Amino acid sequence: MTEGQVALSSDDLTMWAALRRHTQARIGLGRAGSALPTHHRLELQAAHAAARDAVHSPFAPEVVAAALPGMPTVRVRSAAGDRLTYLQRPDLGRRLDDIDRAHLPGGDWDVVFVVADGLSSRAVHEHAAPVVRATVERLGVGVRVAPVILAEQARVALGDDVAHAMGATMVVVLIGERPGMSAADSLGAYLTYAPLPGTTTDADRNCLSNIRPPLGLGYEVAAGKLVGLMGRARELGLTGVGLKDELDSPPSPLPAPPPEGGPPTG
Amino acid sequence: MSAMSTYTSTLGGHSYRFDSLARLLAAASPERSGDRLAGLAADSARERVAARWALADVPLARFLAEPVVPYEDDDVTRLILDTHDLAAFAPVAGLTVGGFREWLLSAEADAETLAAVEPGLTPEMVAAVSKLMGNADLVAVARKVRVVTSFRSTIGLPGRLATRLQPNHPTDDPAGVAAALLDGLLLGSGDAVIGINPATDSPKAVRDLLELLDEVIQRYRIPTQSCVLCHVTTSVDLMERGAPVDLVFQSIAGTQAANASFGVTLGLLDEAYEAAGKLNRGTVGRNALYFETGQGSALSADAHHGVDQQTVEARAYAVARRYDPLLVNTVVGFIGPEYLYDGRQILRAALEDHFCGKLLGLPMGLDICYTNHADADDDDVATMLTMLGVAGASFVICTPGGDDIMLNYQSASYHDALYLREVLGLRPAPEFEAWLEGIGLLDERGAIRDVSGTAHPLTAIGKELAA
């Protein structure tokens, strides 16, 4: 082998292949001089490109709406007018556009689903509607489900603003997670009971992450967990740290709503 | 302490007014998203330069009279002012910020002079002067500063660059960690520290990782130190129970409230410092603490007191220097685009942090990194590495292929460190270099040999794991 060329022996290849069973880390890549071999450099670029595209591809709410036949949807925007603003101003991504807020349908809703683009519109396009459908199916007819909100340039806390404006007791935000180098299509689900914009914090939420079948969490499993969490949230009147230990317990049936359920609407 | 002053300047026929030193520093700071998010940035490019004109005329002594965070409210301010050394300050006491820049760039300010004046400098003074300096100034001055620390290896000697080997795994799987550890060692990495970010802070998980690293270090007699980056209280607890803790780690920030958000106080750090000193596990030195910092952490914790993110970051270095750490690094691009938007802002912050840390006497290294929602890529990493290598960074963090599968961000790779050592003629820490030579990993030029395809003793680790 001359210096500067990559020539892993078959013995080495066998060893690194065996080691890769234990980790997805990019180990045993070989060298071109001091640098990465061309093949591995391009592999890294491909992973980064997928992540960048997921962050910057525009959200297409009509794609999600079309996959929710028979369910009313409402499109809203956050106060962050474009992607550049969204990435630099988390405060604006947490707040509804004032005009959109005024047009939200109020009602005596038990739960509102907010489909938010977050940092991966691809995750939302592929996985959000199936999770909404599977979850609503399990909730059954006694539960008052609000129109599904499709939110652009939105962060998790935008759901607090939505639920508060609509008078919904609980909010489920389905949002595109920050893309990594191994997955650019992970969907997160955040459940919050009686949220109050500006007061509710992340400690008041329960989260399922990495929803992306077949490699990550499947739709039915995610829906089952969500319905279980919603049931416990209604029993206890809270979500967040107080509900944390219940995450792995089997889903319980949704109990009857409390007599005066629902957050303050002022 | 005297009350806040008003600072003014006139530029292009327009008068600008800044109502406090903190406001002036923020307005003078090079543009970055975090200061805009905090509502502290200059409103226009001209206002920014006007602030710099005003800042250039501020006497350095003014920073002792007008703390940017009130003395009564904040123990970091008290630490800075109570430990300030007036005798060391004397040679620069008569300078303005603008004059200080010129003095730092002059031949008079050599390594010995800079070391002597260091106890007389406050974080706010060095942050202020950095705002008047270009990227090249930040490199030129930082490379004159010499900070040498040691434990089992010696960090910061001239012509040397150390690396942190970071074999993280999303579930702390021992075989996965060991596989990544082998990969890094075969690429000549790990002389600053073999450091793992654990998936959980549970004492049991941390101890398992510490024992794994200790076994490898002892078995192969590697002159380096391990660290599992858990909370300081977890490390102290584990030390008391006899776990093999080499370095005690903690994330720190530049205000009392931001440190509280990390669950630390100066009192807790004092205890950790004392406990680590007693263990005496080093062979060539006794620097036993390791700190990480990063611009934006105080704003993120809503604990910035109206001070710009670069100045608050420099205040964290006053906390670090109290404890004679072996290693300090800024995790410069990890926090995301709401604080540092793109490669240009991350590069600027990296150079500022390295410059300020070095002037304040710290063994400053960097995690040169970015997340996928920042406007940056591996070319930015190469640019930053090269500039920081020229600036004389003590160490850089390296990951397999530049991709950390546990923290989900991209950093420098082991290959990047090979590149930097090659183009700048930098060598590993001397003890580690001797070890590399002893196990046949150095070629005749002193570079790391490509051992793929050869029966190297270290691959025994891999063969065992693979079996």
Side-chain angles (χ1 to χ4, degrees), chain A residues 1 3-37 40-41 43-45 47-52 54-56 83-84 86-93 119-120 177-184, chain B residues 33-34 36-37 167-170 173-180 182-184 186-187 336-339 341 371-375 377-378 399-406 408-410 413 415-423 443 447-455 459 462-463 465-467:
Chain A
M1 173 175 72
E3 199 175 273
Q5 283 182 337
V6 193
L8 294 174
S9 72
S10 61
D11 196 31
D12 272 352
L13 290 172
T14 312
M15 180 186 83
W16 288 115
L19 293 183
R20 280 191 202 96
R21 288 201 317 260
H22 300 294
T23 180
Q24 287 192 301
R26 294 170 197 267
I27 56 173
L29 301 184
R31 289 166 54 178
S34 289
L36 283 175
H40 290 297
R41 175 162 165 76
E43 265 185 2
L44 279 159
Q45 290 190 349
H48 187 238
R52 294 295 288 160
V55 170
H56 287 281
R83 207 60 178 161
L84 191 82
Y86 174 81
L87 289 171
Q88 299 189 65
R89 292 291 303 271
D91 52 331
L92 299 180
L119 286 169
S120 173
E177 294 178 342
R178 190 181 92 196
M181 294 287 273
S182 52
Chain B
S33 47
R36 285 212 278 153
L37 177 63
N168 290 346
H169 188 279
D173 176 68
V177 167
L182 170 66
D183 182 56
L186 286 173
L187 289 165
E338 58 269 49
Y339 301 91
Y341 179 68
T371 56
N372 284 326
H373 59 323
D375 190 6
D377 61 21
D378 57 350
T399 56
D403 173 19
D404 189 296
I405 57 167
M406 150 73 193
N408 223 345
Y409 76 125
Q410 284 88 258
S413 64
H415 297 76
D416 287 328
L418 294 181
Y419 147 79
L420 201 56
R421 282 176 175 166
E422 181 185 308
V423 296
D443 67 16
I448 305 296
R449 278 207 308 137
D450 187 346
V451 293
S452 49
T454 64
T459 56
K463 301 271 159 60
L465 288 167

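A quick note: this is a predicted structure, and the numbers were derived from the prediction, not measured. First the proteins, then the strands, lettered A, B, ... as listed; each starts at 1.
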Contact origin within Arg449(B) toward chain A - heavy atom pairs under 4.5 Å: backbone
Under 4.5 Å from any heavy atom of chain B - which part of Ala25(A): both
For His22(A), all residues meeting side-chain hydrogen bond (donor to acceptor under 3.5 Å, both in side chains), sequence neighbours excluded: none
Most contacts with chain B, counted as non-hydrogen pairs under 4.5 angstrom, among His56(A), Arg41(A), Glu43(A): Arg41(A)
Chain A contact via Asp173(B) - which portion, at a heavy-atom distance below 4.5 Å: side chain
Which portion of His373(B) sits near chain A, non-hydrogen atoms under 4.5 angstrom: both
side-chain hydrogen bond (donor to acceptor under 3.5 Å, both in side chains) involving Asp377(B) - partner list, sequence neighbours excluded: none
Selection from Arg52(A), Arg21(A), Gln24(A), Gln45(A) maximising heavy-atom pairs under 4.5 Å formed with chain B: Arg52(A)
Contact check, side chains of Arg31(A) and Ile448(B), non-hydrogen atoms, under 4.5 Å: yes
Side-chain (Ser33(B)) to main-chain (Pro337(B)) donor-acceptor, under 3.5 angstrom: yes
Atom pair CG (Asp443(B)) and CG (Asp450(B)), whose distance is rounded to the nearest 0.5 Å: 10.0 Å
Most chain B-contacting option - heavy-atom pairs closer than 4.5 Å, from Ala184(A), Pro90(A), Ala18(A), Ala51(A): Pro90(A)
Straight-line distance of Tyr409(B) OH to Thr399(B) OG1, nearest 0.5 Å: 6.5 Å
Residue, of Val55(A), Leu87(A), Leu119(A), that accumulates the most heavy atom pairs under 4.5 Å with chain B: Leu87(A)
Distance in Å, Gln410(B) CD paired with His48(A) NE2, rounded so as to fall on 0.5 Å steps: 5.5 Å
Portion of Asn408(B) that has a non-hydrogen atom of chain A nearer than 4.5 angstrom: both
Heavy-atom pairs under 4.5 Å with chain A, option from Asp404(B), Asp403(B), Thr371(B) with the top count: Asp403(B)
Atom group of Leu418(B) that falls short of 4.5 Å from chain A, counting heavy atoms: both
Close side-chain approach of Asp91(A) to Leu37(B), heavy-atom, < 4.5 Å: yes
Engaged part of Leu420(B) at the chain A interface, taking heavy atoms whose separation is under 4.5 Å: neither
Value rounded to 0.5 Å, distance of NE2 in His415(B) from OG in Ser34(A): 9.0 Å
Contact class of Ser413(B) relative to chain A, heavy atoms under 4.5 angstrom: neither
Region of Leu44(A) that comes under 4.5 Å of a non-hydrogen atom in chain B: side chain
CG-CD1 distance between Leu19(A) and Ile27(A), expressed to the nearest 0.5 angstrom: 5.0 Å
Ala417(B) portion near chain A, given a 4.5 angstrom heavy-atom threshold: neither
